[in-house]
Amino acid sequence: KLSNLVDNLPGALFRVKLDEKWSAVYHSQGFYRHFVDPSSSANGWDELGEYNWILQVEKADRKRVRQVVETAVAAGSTYEVEYSITTVNGDKRWVWERGNPVTSLSGEIEIEGIMIDATDKRRAEEALIKSQRGEAIGQMTGGVAHDFNNLLAIILGNLELIRDDISDAELRKMLDASISA
């Protein structure tokens with residue numbers, strides 16, 4: 001029952017060694033279902049056919065993820081980190097991970113935790129930010145247009161006052177053109 005429950009999580013449970021490859025001690029089935037294709041030779045599988053999770057993590061996030069984990073290990077505390085990966089078919093996915101250091105039976109420090117596919121959450125956040133940016137630009141341009149309209153009203157009013165005081169037909173024609181513009 002526990003195995004069935006773990007395998008049906010919307011993510012994965014894991015336990016890894018703190019070696020260079022973050023070698024798997026345990027990965028639930030959700031790990032392969034959500035993040036990895038174990039039959040593939042790309043994105044995480046090295047030239048020796050051994051899986052290396054850090055190769056699947058986007059290069060821009062690797063150093064940060066390692067630092068977060070190393071800091072947690074040094075402090076003996078839980079960590080949380082969100083990062084992007086590239087799946088076997090080239091899709092970019094977001095992973096939210098929470099883990100903590102544990103001591104194995106052999107006395108080695110390992111990491112165990114949970115990973116959740118956070119792609120939908122991240123996309124919703126990005127869509128909200130984009131929408132808010134568009135709304136802010138709309139408000140700003142509306143404000144600029146309103147201020148510009150106020151300036152034009154003053155100019156137009158002054159041109160009309162000047163036109164009423166001028167009898168020269170040529171100057172009135174130029175002022176009428178300015179007012180029309």
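Computed over heavy atoms, backbone and side chain alike; hydrogens, waters and symmetry mates excluded.
Looking at Y79 and V69, their side chains come closer than 4.5 Å, going by heavy atoms from C-beta outward.
For L156, the side-chain contact (heavy atoms from CB on, under 4.5 Å) partners at least two apart in sequence or on another chain are E160, I179. Scanning for salt bridge (charged side-chain N to carboxylate O under 4.0 Å, His left out) contacts around R64 gives D61, with sequence neighbours left out.
Within the structure, salt bridge (Lys or Arg N to Asp or Glu O under 4.0 Å) contacts touching residues 163-178 (residues at least two apart or in different chains) are R163-D176. Here salt bridge (Lys or Arg N to Asp or Glu O under 4.0 Å) pairs that include residues 131-158, with residues two or more places apart or in two chains, number zero. Evaluation of the salt bridge (Lys or Arg N to Asp or Glu O under 4.0 Å) test over residues 67-82, restricted to residues two or more places apart or in two chains, returns E80-R98, E82-K121, E82-R122.
Tracing side-chain contacts under 4.5 Å through hydrophobic residues (I, L, V, M, F, W, Y), one never reaches I109 starting from L105; they form parts of separate clusters. Two different hydrophobic clusters hold V6 and V25 under the rule that ILVMFWY side chains link at heavy-atom gaps under 4.5 Å. Tracing side-chain contacts under 4.5 Å through hydrophobic residues (I, L, V, M, F, W, Y), one never reaches V65 starting from I116; they form parts of separate clusters.
Judged purely by atom type and a 3.5 angstrom limit, T103 has no side-chain atom pairing as donor or acceptor with the backbone of G107.
Rounded to the nearest 0.5 angstrom, L159 CG and S180 OG are separated by 10.5 Å. Atom NZ of K130 and atom CZ of R123 lie 13.5 Å apart (nearest 0.5 Å). Distance check: L175 CG to I162 CD1 gives 6.5 Å after rounding to the nearest 0.5 Å.
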Next item on the list: For I114 and W96, run side-chain contact (heavy atoms from CB on, under 4.5 Å): C-alpha distance rounded to whole Å, both residues' side-chain angles, the deciding distance at 0.1 Å, then the answer.
Entry: CA-CA 8 Å; I114 187 168; W96 175 85; 4.2 Å; yes
Next item on the list: Kindly determine whether V73 and I111 satisfy side-chain contact (heavy atoms from CB on, under 4.5 Å), including the steps that lead there.
Entry: CA-CA 8 Å; V73 169; I111 297 292; 3.6 Å; yes
Listing, residues 7-15 side-chain donor-acceptor contacts under 3.5 Å, not counting sequence neighbours, or none:
{"from": "D7", "atom 1": "OD1", "to": "Q29", "atom 2": "N", "distance (Å)": "3.4"}
{"from": "N8", "atom 1": "ND2", "to": "N4", "atom 2": "O", "distance (Å)": "2.8"}
{"from": "N8", "atom 1": "ND2", "to": "N4", "atom 2": "OD1", "distance (Å)": "3.0"}
{"from": "R15", "atom 1": "NE", "to": "E110", "atom 2": "OE1", "distance (Å)": "2.8"}
{"from": "R15", "atom 1": "NH2", "to": "E110", "atom 2": "OE1", "distance (Å)": "3.4"}

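Between E112 and V102, the shortest heavy-atom contact is OE2-CG1, 3.3 Å. When all heavy atoms of P101 and A72 are compared, the pair lying nearest together is CG-O, 3.8 Å. When every heavy atom of W94 is checked against every heavy atom of T119, the shortest pair comes out as N-OG1, 2.9 Å.
Defined by atom type and a distance below 3.5 Å, a donor-acceptor pair is missing between the side-chain atoms of Y83 and E58.
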